[in-house]
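Below you'll find the structure, written out as structure tokens, and then a few comments.
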Amino acid sequence: MTTYFSEPQSMYYRFGEDQDQVLKVLAERYIGANAQADFVYRVFQKSGILQNEKGLYDLNLGKRFPDAPKDHISYAAALVWGDEDRNLDVLVRCYGPVRFYFNEQLVYRSTVMDEISPDATVKLSIDIKPGWNTIWLEMKNTPAGFGCQFGSDEGKVRILNVFAPFQERQGQAGWVFSQPNPAASKQPDLLGTEADYSLNWLPETGWSDEDKTKPAFERIYGNLPGKHAYAWTHLNNKDSTGNAVRLSGQTSGSLSIWISGKPVAQVKEPGSFEVDVPVPFGRSDLLVRSEYNDTAGPWHFNLNASVSGKPLSLELPQRVHGASGESWLYVGPFESEVEPDLQDLTRTDRVYQTGQGQTYWRLDRPDAWIRPYYENAMLSNKWTVGSVTNYGRWDYPLGVTVYGLLRTGRYLQRPDITRYAAEHVQACTQMYEYSLWDREQYGFPAVNQQLVMLKMLDNCGSFGSAMLEAYSECHEPTFLPIAERIADFMLSRLERQEDGAFYRTCVGEYAENTMWADDLYMSTPFLVRYARVTGNSTALDEAARQFSLYRKYLFMPEFKIMSHVYDFKYGQATQIPWGRGNGWTLFSLTEVLEALPAEHPERPALINFFNELCEGYAALQGESGLWHQVLNVPQTYEEASCTAMFAYGFARGVRFGWFKDPEVYVTAAERAWKGLICKAIDRQGNVHGVCSGSRYAFTAEYYDQDLRTVTNDNHGIGIMMLAGTEVAKMKKHLAEHRVSSPAVSHS
């Protein structure tokens with residue numbers, strides 16, 4: 001029997017079968033460990049190194065330096081932050097000779113085949129250490145090419161954020177790279193001073209001498225007749241006397257000024273201005289609209305604030321790392337007939353229609369924009385654990401977690417828990433329009449990577465389902481447009497077999513041409529909720545249909561359980577019944593059955609399928625109440641997430657009356673829940689015994705030996721809460737209907 005902690009450390013030892021206490025501790029531990037941290041804003045120069053659609057940084061120096069002499073060398077450098085020890089797989093695709101140093105150690109030197117094969121990709125494993133880690137690329141120009149592509153494997157889920165080295169660029173995002181040089185150079189101190197080294201580093205961070213003579217609007221936008229733009233700052237009024245604040249300065253065209261969204265001044269003619277306005281103590285948004293006047297010289301304005309002759313400071317309205325010394329953000333230019341909503345102009349989760357396209361906030365630096373980054377789980381693996389926070393991330397295990405929090409908050413009548421879960425979703429969806437723009441500008445988005453790069457069910461179904469579940473809590477207007485995009489992807493664009501079954505093409509990848517039991521969860525709960533919210537019955541019909549199709553490919557009739565994967569390359573199922581893959585199947589089937597009308601033509605067959613599966617699962621439950629990682633191989637370890645999902649499915653089957661013989665499943669659900677609180681959930685609410693995210697194999701050994709358990713893995717936290725709420729609801733249902741459940745031995 002698997003043991004993760006001693007008996008006195010278990011949730012059962014502390015609370016017994018008080019499920020409300022267990023659920024409370026589970027939810028509060030998760031929320032306490034995952035603070036509501038916003039995205040991090042950094043300076044990013046668009047003239048620097050951008051990513052391609054796969055998330056690889058494209059250092060194609062042949063395009064940047066087309067006249068570089070043969071055998072000249074350029075360098076690229078970046079910093080990577082590690083919150084903890086972590087391993088990361090990175091990819092290198094060479095245009096020419098490359099050497100890659102990580103933390104000053106040579107990790108890779110390209111071979112001739114790497115350099116001349118256009119599709120050659122080298123995968124390397126690097127060990128990220130806590131603190132700053134250095135990347136140093138040495139690239140030589142040859143007639144065949146110059147430079148490389150570099151980034152993390154599966155960049156939309158294993159995010160590699162890089163930061164500019166050198167003290168002068170501290171806090172900025174992105175790489176630095178050098179002009180080609182005839183001779184090799186040693187790696188400088190990347191945490192030191194850029195000015196101490198002779199290499200000419202790009203992109204340039206400062207304006208040219210000519211540009212320095214121009215006012216800010218002219219050097220940022222040029223002189224554009226008929227256009228206007230906005231500048232935004234924080235006015236920090238430290239005066240407590242209540243005296244008026246004097247705004248003074250000069251402008252080349254008409255000027256409008258707002259403080260905290262209220263108009264306080266309008267200057268119609270070019271020249272000097274001075275106005276006294278009431279301003280509350282503390283920081284206030286100060287917004288300026290400046291219009292270009294082609295008869296009044298270069299486009300400019302300047303503004304100072306004072307109280308009783310003492311100057312007040314102007315500060316950036318949003319914390320932007322790498323923007324030291326700056327006090328204004330700028331957005332524009334807008335066509336004369338375009339006036340953005342003023343309320344939208346003092347926030348950073350919007351893009352703005354200019355009349356000729358879209359734009360966003362930038363700084364008074366060469367091609368420098370502010371850019372939000374998801375850094376709460378920096379250098380995360382697909383399923384993040386540890387001391388970092390998951391808040392604000394869109395991915396499928398967190399969809400299960402959010403769903404669990406929503407159900408737990410409702411069950412416990414704790415609006416603080418449901419609000420936290422809904423706000424996690426809102427943090428993602430409110431940045432959605434920006435993230436689309438970010439991808440267009442920079443090649444690969446810095447936030448919402450999986451949602452934007454929508455290519456498979458993993459990217460959208462689970463979190464999309466949680467989003468629609470949260471809709472009743474907040475009626476957030478950004479949810480439904482995203483749901484429409486996900487529904488269109490599933491119903492109209494997703495890969496299917498000829499019979500209509502969802503599957504994965506994944507050309508050139510390990511999962512090429514396969515069908516996974518997991519994808520029933522990645523699709524059908526979303527389709528159920530989409531049908532419920534929109535009234536689109538086609539989505540519900542599709543959800544029911546997929547179960548019938550998947551049964552045909554994956555059902556193992558001798559055990560009445562599901563194979564994890566069907567591999568169309570070999571024309572057969574793997575015949576390995578992975579626990580969590582089966583858990584996803586049962587979990588999702590209950591969601592579909594709950595939604596299907598009694599008269600739906602698929603309902604009788606799905607009720608029978610549900611009973612078949614439950615019979616198969618119940619027969620394989622271990623003595624401890626837990627199921628094994630590979631269900632029909634008792635030598636594999638006991639796994640908690642599948643156990644929680646079977647408890648969830650059984651409890652719902654009892655409550656909704658789907659079983660022919662419910663008493664067996666009452667006992668099985670109670671045994672499973674007791675097994676979890678004895679063996680998998682400790683008294684602090686930590687969740688143990690959940691296997692890491694899976695690939696697939698034709699052998700049980702892979703699942704048992706390669707997929708080890710991870711503490712507080714997001715595949716398990718939410719489903720523990722869901723299992724607990726459903727078992728509690730089952731008990732309440734039985735009590736109310738005077739159905740006596742069989743006694744459960746506590747020996």
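For the single chain, residues carry numbers from 1 onward in sequence order.
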Q. Within the side chain of Gln449, is there an N or O that forms a donor-acceptor pair under 3.5 Å with the backbone of Ala446?
A. yes
Q. Around atom NZ of Lys24, are there more than 12 heavy atoms of other residues, nucleotides or ligands at under 6.0 Å?
A. no
Q | Thr418 side, atom OG1; Glu423 side, atom CD - distance, nearest 0.5 Å | A | 9.5 Å
**Q.** Main-chain N/O of Glu476 paired with Gln426 side-chain donor or acceptor, under 3.5 Å
**A.** no
Q.
Whether the side chain of Asp367 engages the backbone of Ser47 through a donor-acceptor N/O pair (distance < 3.5 Å, no angle test) should be reported.
A. yes
Q. With the threshold set at 4.0 Å, does a side-chain nitrogen-carboxylate oxygen contact exist between Glu315 and Arg283?
A. yes
Q.
So does Val40 get a backbone contact from the side chain of Tyr374, meaning a donor-acceptor N/O pair under 3.5 Å?
A. no
(Q) Going by the rule salt bridge (Lys or Arg N to Asp or Glu O under 4.0 Å), which residues pair with Arg496 if we only count those two or more places apart in sequence or in a different chain? (A) Glu542
Q. What distance do Tyr391 atom OH and Asn34 atom CG have between them, rounded to the nearest 0.5 Å?
A. 11.0 Å
Q | Side-chain heavy atoms of Val400 within contact of Val402, under 4.5 Å | A | no
Q.
So does Ala231 get a backbone contact from the side chain of Trp361, meaning a donor-acceptor N/O pair under 3.5 Å?
A. no
(Q) Centre-to-centre under 6.0 Å for Tyr230 and Phe334, is that the case here? (A) yes
Q. Does Met522 offer a backbone N or O that forms a donor-acceptor pair with the side chain of Asp519 under 3.5 Å?
A. no
Q: Go through the steps for Asp20 and Tyr411 under the test side chain to side chain donor-acceptor pair (under 3.5 Å), then give the verdict.
A: CA-CA 9 Å; Asp20 288 12; Tyr411 171 77; 2.9 Å; yes
Q) Looking only at heavy atoms, which two atoms of His715 and Ser641 are closest? And how far apart? A) O-CB, 3.9 Å
Q | Minimum-distance pair of heavy atoms, taken over all atoms of His234 and Leu316 | A | ND1-O, 4.1 Å
Q) Would you call Lys227-Glu291 a salt bridge at under 4.0 Å N-O? A) no
Q: Answer yes or no: are there more than 12 heavy-atom neighbours, outside Lys729 itself, under 6.0 Å from its atom NZ?
A: yes
Q. Heavy atoms, side chains only, cut-off 4.5 Å: are Thr233 and Leu329 in contact?
A. no
(Q) Between Val528 and Glu594, is the side chain to side chain contact (heavy atoms under 4.5 Å, CB included) condition met? List the steps. (A) CA-CA 9 Å; Val528 164; Glu594 182 184 6; over 6 Å; no
Q: Kindly state each residue pair satisfying ring-ring contact (aromatic ring centres under 6.0 Å, His included) with at least one member in residues 464-493, sequence neighbours excluded.
A: Tyr471-His475
Q.
Under the side-chain contact (heavy atoms from CB on, under 4.5 Å) test against Thr408, which residue among Arg414, Met721, Glu28 passes?
A. Met721
Q: For the pair Arg504 and Glu495, find out whether any cationic side-chain nitrogen is under 4.0 Å from an anionic carboxylate oxygen.
A: no
Q. His321 and Phe163: aromatic ring centres closer than 6.0 Å?
A. no
(Q) For Tyr330 versus Ala216, what's the shortest heavy-atom pair and its separation? (A) OH-CB, 3.9 Å
Q) If you measure from CG on Asp285 to CG on Leu235, what distance do you get to the nearest 0.5 Å? A) 10.0 Å
Q) Has the side chain of Asn52 got a donor or acceptor atom that lies under 3.5 Å from a matching backbone atom of Asp58? A) no
Q. When you look at Phe526 and Cys460, which way does the side chain to side chain contact (heavy atoms under 4.5 Å, CB included) test go after all the steps?
A. CA-CA 9 Å; Phe526 170 83; Cys460 60; over 6 Å; no
**Q.** NZ/NE/NH1/NH2 to OD/OE distance under 4.0 Å, Asp488 and Arg493
**A.** yes
Q.
I'd like to check Asn448 versus Met431 (side-chain heavy atoms, cut-off strictly below 4.5 Å). Are they in contact?
A. yes
Q: For the pair Leu520 and Phe502, evaluate side chain to side chain contact (heavy atoms under 4.5 Å, CB included) and give the outcome as yes or no after the intermediate values.
A: CA-CA 9 Å; Leu520 287 169; Phe502 297 154; over 6 Å; no
Q) Should the pair Phe463 and His424 be assigned to parallel (<30°), tilted (30 to 60°) or perpendicular (>60°) ring geometry? A) tilted
Q. Do we get Arg410 above Tyr403's six-membered ring, with its NZ or CZ under 6.0 Å from the centre and within 45° of the axis?
A. no
Q: Give a yes or no on this: more than 12 heavy atoms of other residues, nucleotides or ligands lie within 6.0 Å of atom CD of Gln356.
A: no
Q: For Arg603 and Leu593, indicate whether the former's side chain and the latter's backbone hold a donor-acceptor pair under 3.5 Å.
A: yes
Q. Nearest heavy-atom pair of Met453 and Pro445: which atoms, and what distance?
A. SD-CD, 3.7 Å
Q. Which atom pair, heavy atoms only, marks the closest approach of Ser435 to Val447?
A. CB-O, 3.5 Å
Q) With no hydrogens and no angle check, is any side-chain donor or acceptor of Asp438 less than 3.5 Å from a backbone partner on Tyr434? A) no
Q | Point-to-point distance, once rounded to the nearest 0.5 Å, from NZ of Lys54 to OG of Ser152 | A | 12.5 Å
Q: Flag the pair Arg439 and Glu53 as a salt bridge only when some basic side-chain nitrogen lies within less than 4.0 angstrom of an acidic carboxylate oxygen.
A: no
Q. Just wondering, more than 12 heavy atoms not from Gln413 lying within 6.0 Å of its CD?
A. no
Q: Taking the side chain as every heavy atom from C-beta outward, state whether Phe301 and Val267 have any atom pair closer than 4.5 Å.
A: no
(Q) Please evaluate residues Val264 and Leu286 with respect to the criterion side chain to side chain contact (heavy atoms under 4.5 Å, CB included), reporting the C-alpha separation (whole Å), side-chain torsions for both, the decisive distance (0.1 Å), and the verdict. (A) CA-CA 10 Å; Val264 296; Leu286 193 161; over 6 Å; no
Q: Check each of Phe44, Trp437, Tyr41 against Tyr360 using the ring pair (Phe, Tyr, Trp, His ring centres under 6.0 Å) test, and report the only one that passes.
A: Trp437
(Q) Under a plain distance cut-off of 3.5 Å, with no hydrogens placed, do Arg407 and Thr725 share a side-chain donor-acceptor pair? (A) no
Q. Do Asp541 and His600 have side chains that get closer than 4.5 Å, going by heavy atoms?
A. yes
Q | Spatial distance of atom CG (Leu589) from atom CZ (Phe547) [nearest 0.5 Å] | A | 4.5 Å
Q.
Donor-acceptor check, side chain of Gln51 to backbone of Gly443, threshold 3.5 angstrom: yes or no?
A. no
Q: Enter the distance from Met490:CE to Gln546:CD here, rounded to the nearest 0.5 Å.
A: 10.5 Å
